[in-house]
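Just below is one structure, and these are the notes that go with it.
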Amino acid sequence: AKADGRSRIRLFSFELEEKLVARKALENDLREALQRSEMEIHYQPLLNTASKRIEGYEALLRWKRGSFGYVSPAEFIPVAEEIGVIDTLGEWVLREACRDAAAWPSDITVAVNLSPVQFRAGNLVRNTLRALSDTGLSARRLELEITESVLLEATEKTLATLHQLKQLGLRIALDDFGTGYSSLSYLSSFPFDKIKIDKTFIQDLSSRSDALAVVELVVDLGKKLGIRTTAEGVETEAQMIRLQEIGCSQVQGFLFAKPQPAACLDFNVIGRLAA
Ligand code: C2E
Ligand code: CA
Ligand code: CA
Ligand code: CA
């Protein structure tokens with residue numbers, strides 16, 4: 001029994017060590033990823049629910065990690081935040097997305113995700129301004145998506161940063177609404193332009209009445225506050241019909257298109273297919 005215990009311990013520490021080595025390798029590769037040109041941005045359309053026309057695209061980061069293939073942002077963004085490369089990465093995404101969008105039809109917007117870490121860094125407003133002026137993209141075509149976690153530390157500095165960003169002329173969306181520590185006070189403490197309802201609610205829309213109630217509530221609240229609402233993760237026609245009935249402003253999901261490289265975007269095709 002003693003020998004068993006020892007070998008279990010040895011086995012355990014061996015596995016742990018393997019994990020640590022793998023994690024270190026991931027960190028090192030992530031630090032080099034930009035220089036190696038392994039990062040790409042894919043774009044997923046945001047459609048007007050009523051007209052089914054494309055209003056804009058969300059920029060979603062993709063990492064092609066050498067022989068490992070694609071690594072999910074859900075996996076590497078937290079690591080990038082931890083090891084302090086999210087600032088460089090986030091700045092790159094912002095600039096690339098603005099550059100790509102500048103070549104699109106002038107009524108099409110681009111939405112860029114921001115990490116809470118980018119907020120604390122203090123150079124966000126300057127970097128955003130520079131990305132806009134360097135690429136020539138009009139600020140009104142840029143939307144920044146922030147999550148509730150930014151507002152958890154809703155200090156005066158956070159609010160000041162948000163207001164400064166809005167003063168540039170861009171729009172701010174509250175992402176993943178309903179997942180974190182959602183508080184209605186967030187909606188009154190800052191003038192958001194859009195609420196993105198998390199896909200977990202959308203996916204349960206036709207099967208769970210509580211999910212339907214939440215989506216209806218958020219959409220109604222948005223209407224009353226003059227805030228647009230976007231449903232993310234729309235995968236079925238049934239969900240789409242419900243969202244049209246409820247009067248959600250915008251839809252996004254695999255039903256219409258998966259995220260794809262800028263070179264593959266067709267600004268007309270999807271609208272026509274969906275119509
Ligand atoms: P998110 O901002 O909530 O982005 C939406 C996610 O839902 C994307 O996952 C998108 O591919 C996925 N999605 C879209 N439609 C559907 C659908 O119909 N069904 C399902 N099941 N999923 C759908 P993705 O691209 O893997 O990104 C995951 C998360 O990584 C994002 O969630 C965002 O939080 C983060 N992320 C991605 N790009 C960036 C970035 O440039 N900067 C930062 N800070 N975070 C990013
Ligand atoms: Ca987002
Ligand atoms: Ca989201
Ligand atoms: Ca999400």
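Below, all heavy atoms of this structure are taken into account, side chains as well, without hydrogens, waters or symmetry copies. Just follow the structure's listing: the first ligand is 1, and inside any ligand the first atom is 1. Small disclaimer: the values here were computed from a predicted structure and weren't measured.
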| Near the Ca ion (ligand 2), which protein N/O/S atoms fall under 3.0 Å? | Glu58 OE2, Asn113 OD1, Glu145 OE1, Asp175 OD2
| How does Val93 reach ligand 1, by side chain, by backbone, by both or by neither, if only non-hydrogen atoms under 4.0 Å count? | side chain
| query | Between Val251, Ile86, Asn113, which one has a non-hydrogen atom sitting closest to atom 43 (C) of ligand 1? | reply | Asn113
| task | Would you mind telling me if ligand 1 is within reach of the side chain of Thr147, the backbone, both or neither, using heavy atoms under 4.0 Å? | result | neither
| Heavy-atom distance under 4.5 Å between the side chains of Phe256 and Met240, does that happen here? | yes
| message | Is the contact between Ser115 and ligand 1 made by the side chain, the backbone, both, or neither, using heavy atoms and a 4.0 Å cut-off? | response | both
| said: Closer than 4.0 Å to some heavy atom of Arg62 - which atoms of ligand 1 meet that? | reply: 11 (O), 24 (P), 25 (O)
| request: Could you point out which residue of Lys196, Glu148, Lys194 forms a side-chain contact (heavy atoms from CB on, under 4.5 Å) with Leu174? | output: Glu148
| request: Could you pull out, from Lys199, Glu232, Gln252, the option with a heavy atom nearest to atom 6 (C) of ligand 1? | output: Lys199
| task | Could you verify whether a donor N or O on one side chain and an acceptor N or O on the other, from His42 and Glu40, lie under 3.5 Å apart? | result | yes
| query | Near Lys64 NZ, under 6.0 Å, is it more than 12 heavy atoms from other residues, nucleotides or ligands? | reply | no
| field | Identity of the nearest option to atom 21 (N) of ligand 1, non-hydrogen atoms only, from Glu58, Glu96, Glu235 | value | Glu235
